[in-house]
Amino acid sequence: MYNVCVHCTCLNDDFILGVGITNQRETTIVWDKLTGQPLYNAIVWLDTRTSSTVDKLIAKTPQKDKDHLRAYCGLPITTYFSAVKLRWLMENVEPVRKAIQENRCLFGTVDSWLLWVISYVCVQYMYN
């Protein structure tokens with residue numbers, strides 16, 4: 001991944017007209033902003049390890065109802081969403097907690113991580 005821009009240095013910006021990235025939408029990655037390395041494995045969109053986190057959130061709603069937020073966002077409270085995955089990572093993965101405390105943890109979906117890696121590596125390569 002990190003060698004993408006180094007290998008493409010023979011191309012100038014007139015040659016590249018566009019770049020497309022596709023992803024699994026809510027697959028979540030946390031990474032170290034100093035190294036670009038993931039701090040933990042990606043949690044895919046259908047992963048249910050966050051179900052206890054979801055249960056805690058539902059228990060905090062007035063009627064203990066997974067549909068409590070549906071009127072606001074059109075969706076129930078489920079394990080699907082990235083924010084729930086981030087909460088689980090914060091509670092269960094020590095390297096993530098440490099990186100947050102040290103202000104070096106970044107969080108996003110696969111597309112945001114790919115863009116960050118490509119942009120970061122290209123900028124670092126240009127200035128070395």
Side-chain angles (χ1 to χ4, degrees):
M1 179 65 68
Y2 294 101
N3 294 326
V4 169
C5 291
V6 174
H7 291 295
C8 295
T9 57
C10 62
L11 304 175
N12 61 40
D13 57 2
D14 293 332
F15 185 80
I16 299 173
L17 300 176
V19 175
I21 295 177
T22 186
N23 69 346
Q24 293 182 329
R25 296 198 179 171
E26 296 298 321
T27 295
T28 300
I29 299 178
V30 288
W31 66 95
D32 188 312
K33 73 178 179 183
L34 302 178
T35 67
Q37 293 295 311
L39 296 166
Y40 191 74
N41 295 335
I43 299 182
V44 299
W45 64 274
L46 54 65
D47 192 302
T48 59
R49 78 182 86 186
T50 61
S51 60
S52 63
T53 305
V54 167
D55 291 342
K56 289 176 195 173
L57 291 170
I58 293 170
K60 291 180 179 182
T61 65
Q63 297 173 345
K64 316 274 186 271
D65 182 15
K66 71 176 184 173
D67 291 317
H68 178 72
L69 298 176
R70 191 178 291 272
Y72 303 101
C73 65
L75 299 166
I77 302 170
T78 68
T79 59
Y80 176 77
F81 301 105
S82 296
V84 176
K85 293 176 181 75
L86 178 59
R87 180 59 163 204
W88 185 90
L89 288 161
M90 292 167 61
E91 292 173 352
N92 294 283
V93 181
E94 179 57 33
V96 172
R97 281 194 300 270
K98 184 176 181 190
I100 290 169
Q101 291 169 350
E102 296 173 358
N103 197 31
R104 57 183 177 78
C105 181
L106 298 176
F107 159 76
T109 53
V110 174
D111 55 337
S112 61
W113 178 69
L114 289 171
L115 285 171
W116 188 89
V117 168
I118 292 168
S119 300
Y120 178 78
V121 172
C122 286
V123 168
Q124 293 300 317
Y125 181 77
M126 288 177 3
Y127 289 102
N128 284 334

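- Side chains of S82 and T28: a donor on one and an acceptor on the other come within 3.5 Å.
- Checking each of F107, W113, W116 against I29 for a side-chain contact (heavy atoms from CB on, under 4.5 Å) leaves exactly one that passes, namely W113.
- Nearest heavy-atom pair, P76 versus D67, reported as atom, atom and distance to 0.1 Å: CB-OD1, 3.4 Å.
- From W31, atom CH2 reaches atom OG of S112 across 4.0 Å, with rounding to the nearest 0.5 Å.
- By the 4.5 Å heavy-atom criterion applied to side chains, V84 and E26 are not counted as neighbours.
- The shortest distance between side-chain heavy atoms of V30 and L86 falls below 4.5 Å.
- Heavy-atom neighbours of K64 NZ from other residues, nucleotides or ligands within 6.0 Å: above the threshold of 12.
- Environment of CD in E94: crowded, with over 12 heavy atoms of neighbouring residues, nucleotides or ligands closer than 6.0 Å.
- With K56 contributing its side chain and S51 its backbone, the two residues share no donor-acceptor pair below 3.5 Å.
- At distances below 3.5 Å, not a single donor-acceptor pair connects side-chain atoms of K85 with backbone N or O atoms of A42.
- In the hydrophobic clustering of ILVMFWY residues, with side-chain heavy atoms under 4.5 Å counting as a link, L115 and L106 come out together.
- Considering only heavy atoms from C-beta on, L75 comes within 4.5 Å of F81 through its side chain.
- Using a 4.5 Å heavy-atom cutoff, the side chains of I43 and L89 are in contact.
- Following chains of ILVMFWY side-chain contacts shorter than 4.5 Å, one cannot reach V110 starting from L46, and the two form parts of different hydrophobic clusters.
- With values rounded to the nearest 0.5 angstrom, L57 atom CG is found 11.0 Å from H68 atom NE2.
- V54 approaches T79 most closely through the heavy-atom pair CG2-N, 3.6 Å.
- Using a 4.5 Å cut-off between side-chain heavy atoms of Ile, Leu, Val, Met, Phe, Trp and Tyr, with links allowed through other members, V44 and Y80 fall into the same hydrophobic cluster.
- The 12-atom threshold is not exceeded at CZ of R87, counting heavy atoms of other residues, nucleotides or ligands nearer than 6.0 Å.
- T27 and W45 make their closest contact through OG1-N, 3.3 Å (heavy atoms, listed as atom of the first residue, atom of the second, distance).
- Put simply, CD1 on I77 and OG1 on T53 are 12.0 Å apart, with the number rounded to the nearest 0.5 Å.
- For the residue pair T61 and I58, the shortest heavy atom distance occurs at OG1-O, 2.7 Å.
- With rounding to the nearest 0.5 angstrom, the NZ atom of K98 is 11.0 Å from the CG atom of L39.
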